[in-house]
K.L.:
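Right, I'll just put the structure down here and ask away after.
Chain letters run A, B, ... following the sequence lines, proteins first and then strands; every chain starts at 1. All heavy atoms count here, side chains included; hydrogens, waters and symmetry mates do not.
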Amino acid sequence: MAEEQKRMKLLVAVDESEGSLYALRWAIDHLFGLEQAAVTLVNVQPIFQPFIYPAGPVVYATPAVIDSVKKAQEQNAAAILARALRICKEKEIKAETLILQGDAKDKICEAAEELHVDLLVIGSRGLGTIKRALLGSVSNYCVHHVNCPVLVVKPPPKLAHQ
Amino acid sequence: MDKSVMVVGIDDSDHSLYALEWTLEHFFSTAPGKSPFKLVVVHAKPSATTAVGLTGPGAAEVLPYVERDLKIIAARVMEKSKEICAAKSVKDVIVEAVEGDPRNALCDAVDKHNATVLVVGSHGYGAIKRAVLGSVSDYCAHHAHCSVLIVKKPRKTAH
């Protein structure tokens, strides 16, 4: 009998949107043999730029402000990943979490490459939803630029209309 | 229990056959016969007129030959897909050929079979080639009414 099959490595990108949590649930429900897979949940927080004010006086944020934003982001990321982990736990899937900072689309592609994942799972539209848009900017970018297979999960028609 | 349907789009390229193999390996072979998916392999056969793109006096004579060639290619592709499925012991498979533009054909097949996933390969064209040649995987990722899995053949880069 063949030696234990190489475990499938999965990377699931999550943010605050319902779409990404639906993508996670969909992947767990439909993909096979996830109990043996290595699942990593990644959340990317944007880097806080303390001095982008397009018009008007340039304001430099004090260290206190920077710190509080950083803290808020950490809490945000932790909350998102906690929800995602809870979903995994319900279905008895072991998952690891990863918090990254920067531009979501670049960071997700980088992470997929560095971790040598077999599959990237991403929702189709996240936070910046223009209702007319068929595919969000992050998922669109990832489909084009990542080196591994990508699964884009569309929300069910009911969710899409909300 | 009703099985969910997975549609795999195939053309004559290595990339799409690789996508089919990848799908079978990761979704079906871990427990043959117990897979929750029903597999439908769709080959979108371009019609002779789109393939040739000729207008003019010579076109009518060339078309029958082109049509014949396309039929031979389509048959070969479908045979190959059946072989691949058989090699992985996947029995619950439907293989069909649809005529027309692959973009629409695949999205229609998704609607027709009420699929939960559409799997397509990707040529990995850069931005310019995509703009000129069009991208089926791109179109499907945007327009299909179900989740889309795009499988890329790993590039053999020499670093």
Side-chain angles (χ1 to χ4, degrees), chain A residues 2 4-10 12 19-20 22-37 109 112-113 116-125 130 132-160, chain B residues 3-6 8 15 18-38 107 110-111 115-127 129-131 135-157 159:
Chain A
E4 147 197 327
Q5 207 183 22
K6 198 173 62 141
R7 291 169 53 171
M8 180 156 95
K9 282 208 192 139
L10 227 74
V12 184
S20 66
Y22 176 78
L24 175 61
R25 266 188 231 112
W26 194 98
I28 295 178
D29 285 338
H30 287 86
L31 293 181
F32 213 48
L34 275 191
E35 296 80 34
Q36 280 105 22
C109 293
E113 237 182 277
H116 295 296
V117 295
D118 296 306
L119 179 64
L120 168 67
V121 180
I122 194 164
S124 64
R125 296 189 313 162
I130 305 173
R132 285 190 320 275
L134 297 164
L135 194 63
S137 61
V138 173
S139 33
N140 193 25
Y141 183 90
C142 289
V143 161
H144 291 180
H145 290 90
V146 83
N147 288 335
C148 65
V150 183
L151 175 59
V152 177
V153 181
K154 307 267 171 96
K158 199 166 45 104
L159 248 189
Chain B
K3 281 190 172 188
S4 21
V5 178
M6 180 183 277
V8 182
H15 300 268
Y18 176 82
L20 177 61
E21 282 176 3
W22 191 97
T23 307
L24 290 179
E25 205 178 292
H26 287 87
F27 284 75
F28 289 83
S29 66
T30 34
K34 261 193 352 180
S35 165
F37 283 107
K38 202 160 101 104
C107 292
V110 163
D111 289 333
T116 22
V117 194
L118 170 64
V119 183
V120 287
S122 166
H123 288 269
Y125 289 149
K129 264 186 175 170
R130 264 175 201 275
S135 166
V136 174
S137 57
D138 217 24
Y139 183 89
C140 290
H142 282 72
H143 291 92
H145 292 147
C146 66
S147 302
V148 180
L149 173 57
I150 298 168
V151 181
K152 306 191 189 193
K153 199 164 170 183
R155 247 171 284 167
K156 309 255 194 296
T157 44
H159 273 304

K.L.:
Might you point out which heavy atoms bring A:Asp118 and B:Trp22 nearest each other, and give the distance in Å?
P.N.:
O-CZ2, 3.3 Å
K.L.:
With no hydrogens and no angle check, is any side-chain donor or acceptor of B:Lys152 less than 3.5 Å from a backbone partner on A:Val150?
P.N.:
no
K.L.:
Pick whichever of B:Leu118, B:Thr116, B:Val151, B:Leu149 has the most heavy-atom pairs under 4.5 Å with chain A.
P.N.:
B:Leu149
K.L.:
Taking all non-hydrogen atoms of both residues, which atom of B:Cys146 and which atom of A:Lys154 are closest, and how far apart?
P.N.:
O-CG, 3.2 Å
K.L.:
Between A:Leu120, A:Val121, A:Val153, A:Leu119, which shows the greatest number of heavy-atom pairs under 4.5 Å with chain B?
P.N.:
A:Val153
K.L.:
Output the distance between atom NE2 (A:His144) and atom OG (B:Ser137), rounded to the nearest 0.5 Å.
P.N.:
7.0 Å
